[in-house]
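In what follows, every chain begins at residue 1, and chains take the letters A, B, ... in the order their sequences are listed. Every value quoted in this text rests on a predicted model; they were computed, and no experiment measured them.
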Protein chains: 2
Amino acid sequence: MANLHAPQIALPVHPGLIARSGEFAQGRPVAQPPVFFSAGSEVYAQGERCKGLYRIEFGAVRVYRLLSDGRRQISAFHLAGETFGFEADNVHHFFAEAICATGIHIIHASPTNGMSGELLPLALKSLVRAQEHLLVLGRQNAIERIAAFLSDMAERQGGLKQVDLPMSRADIGDYLGLTIETVSRVFSRLKQKGVIRLPSLRCVEIAKWQVLQDLAA
Amino acid sequence: MANLHAPQIALPVHPGLIARSGEFAQGRPVAQPPVFFSAGSEVYAQGERCKGLYRIEFGAVRVYRLLSDGRRQISAFHLAGETFGFEADNVHHFFAEAICATGIHIIHASPTNGMSGELLPLALKSLVRAQEHLLVLGRQNAIERIAAFLSDMAERQGGLKQVDLPMSRADIGDYLGLTIETVSRVFSRLKQKGVIRLPSLRCVEIAKWQVLQDLAA
DNA sequence: CGGCAAATTTGACGCAAATCAAATCTTTCG
DNA sequence: CGAAAGATTTGATTTGCGTCAAATTTGCCG
């Protein structure tokens, strides 16, 4: 049951070094220049005060919580173009870490900057994602979880057959409520059945799209 | 694995019969008169067009999805005072049913009625709830899930020792990703350990608050 | 009140995924 | 390049929860 993960130590590289990209979009201040985070570095911590929202320029982020005994649940992965960091109050209740080299716009939301109209749709997208994921964790078995995960990742990357997995097997396990061994075994099983190919550890090629969809149920 | 639930048949009793309560609060139009739903009746269905948001006056609601083979995942229970029915687009992706006799205000949100300011906090509350629940489903065992569920229900009912459970064991199971047998066994185990008492099927008395909290991890 | 249907509990057993263990493969970096 | 550390895969075994089955309780309605 225990599933301990030593925190990966890596410090974020802070602004100033980074070329700033468009600070204004549609005539509104969007963010400070994008901040660069190296693989494994912390974007924010549980208990930290919210500074705003986070929009990923490139890279990927995992958002998670820990139980007191070290079990970890990743509640979401976020990819380029996605916005995360919503909280009901102004304190973070989760940890967020860059999975790989990642550039993030920090959006300092305030009542005055006219962002509020776009916040709700983004928050709702997060909500729908979380609710979909509840179904997977509550009622699907290992192979269905992996199939759903791969379908989702593929879809979010434009539906190409080649899917990039920036995260480790441990991350996938902690997202799907499985152990790394089970994740690995299911990958092997899918490969052996010809549903996917694994050109490399962090890359999956979906050979039988329809079969994967059906498995995801 | 399969977990079939025949839909409970009961029709909502529609307005007109119901005395209308304050249609305006703080000078804004809030809702049509509250609508009464009998136990098991449908509030909305998956695929149905969104008519607005729903605020519970009294009673309780379950929101759920079904897999093609009938497995059901309840993503949330909603109690009196709570608002539900958020979607990213204007189509419902879940089913909502009254668990018991329930009165609901249907809030026809529109850009013009000044509700929008209050929508985001409510949506975020739903989001946080869903994320908390992910941790339970992903990483907690049966006893921890039940303990977390009972703690949550107690807290939402004002922290009293006597907790009302409007929902069946089947509902609890489908919310926590467990079978009814496992739910029942865990209740028995908690009772036998003196953590809870069961004055009746739908009522739990929390005898050892701290133990329950510790179990919820 | 009495009888039936549904819900819940309890028991026996099986299985999917966890755990424990060890062999590969990959990456890092001196 | 080559060694060491870490990640992943694979195998053997255990176990918590699901499944199947039956007993018991509760609620409903004439």
Side-chain angles (χ1 to χ4, degrees), chain A residues 1-10 38-40 69-73 99-101 136-147 165-174 176-192 196-204 215, chain B residues 1-10 38-40 69-73 99-101 136-147 165-174 176-192 196-204 215:
Chain A
M1 180 66 52
N3 189 9
L4 300 154
H5 293 279
Q8 297 180 38
I9 297 162
S38 59
D69 62 0
R71 279 175 286 174
R72 182 178 70 156
Q73 177 63 39
I99 291 173
C100 52
V136 173
L137 294 188
R139 287 296 174 209
Q140 298 198 246
N141 63 28
I143 198 165
E144 290 169 335
R145 292 181 199 207
I146 297 282
L165 300 181
M167 68 291 289
S168 68
R169 299 291 187 265
D171 285 338
I172 297 172
D174 284 350
L176 297 177
L178 302 171
T179 60
I180 57 175
E181 292 95 330
T182 298
V183 171
S184 179
R185 272 186 258 269
V186 171
F187 269 76
S188 298
R189 204 138 43 101
L190 288 173
K191 187 173 70 175
Q192 179 239 305
I196 60 172
R197 255 162 295 179
L198 295 169
S200 82
L201 275 177
R202 300 294 175 97
C203 180
V204 177
L215 283 172
Chain B
M1 178 67 53
N3 190 10
L4 300 155
H5 294 279
Q8 297 179 39
I9 297 162
S38 59
D69 62 0
R71 280 175 283 175
R72 183 178 70 157
Q73 176 63 40
I99 291 173
C100 50
V136 173
L137 294 188
R139 286 297 175 207
Q140 297 198 245
N141 61 28
I143 197 164
E144 291 169 335
R145 291 181 200 207
I146 297 282
L165 300 182
M167 68 290 290
S168 68
R169 300 289 188 266
D171 286 338
I172 297 173
D174 284 350
L176 297 177
L178 302 171
T179 60
I180 57 175
E181 293 96 330
T182 298
V183 171
S184 178
R185 272 186 258 270
V186 172
F187 270 76
S188 298
R189 203 139 42 101
L190 288 173
K191 187 173 70 176
Q192 179 238 304
I196 61 172
R197 255 164 295 179
L198 294 170
S200 83
L201 274 177
R202 300 294 176 95
C203 179
V204 177
L215 282 173

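Rounded to whole Å, atom P of D/dG18 lies 13 Å from atom CZ of B/Arg71. Remark: C1' of D/dT10 and CD of A/Gln192 are 13 Å apart, rounded to the nearest angstrom. D/dG16 atom P lies 16 Å from atom CZ of B/Arg139, rounded to whole Å. For the pair B/Leu176 CG and D/dG16 P, the interatomic distance rounds to 19 Å; values are reported in whole Å. The interatomic distance linking B/Arg145 (CZ) with D/dG16 (C1') rounds to 11 Å, in whole Å. Atom CD1 in A/Ile196 sits about 13 Å away from atom C1' in D/dT9, given to the nearest Å. Computed from coordinates, the A/Arg189 CZ to D/dT8 C1' distance equals 17 Å when rounded to whole Å. Computed from coordinates, the B/Asn141 CG to C/dA17 P distance equals 17 Å when rounded to whole Å.
Listed by chain and residue number, B/Phe187, B/Lys191, B/Ile196, B/Val204 satisfy the side-chain contact (heavy atoms from CB on, under 4.5 Å) test with B/Leu198 (two or more places apart in sequence, or in another chain). Evaluation of the side-chain hydrogen bond (donor to acceptor under 3.5 Å, both in side chains) rule for B/Arg189 yields no partner, not counting sequence neighbours. When the side-chain hydrogen bond (donor to acceptor under 3.5 Å, both in side chains) test is applied to A/Ser184, no partner is found at least two apart in sequence or on another chain. For A/Arg202, the side-chain contact (heavy atoms from CB on, under 4.5 Å) test picks out A/Ser168, with sequence neighbours left out.
Closest non-hydrogen pair, A/Leu137 versus A/Arg145, comes out as O-NH2, 3.2 Å.
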query: For every nucleotide of nucleotides 8-14 of chain C, 5' to 3': is a protein heavy atom under 4.0 Å from its base (B), only from its sugar-phosphate (S), or from neither (-)?
result: SBBBB--

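Taking side-chain N and O atoms only, A/Thr179 has no distance below 4.0 Å to OP1 or OP2 of C/dA17.
With contacts defined as side-chain heavy-atom distances shorter than 4.5 Å, the pair B/Arg71/B/Asp174 does not qualify.
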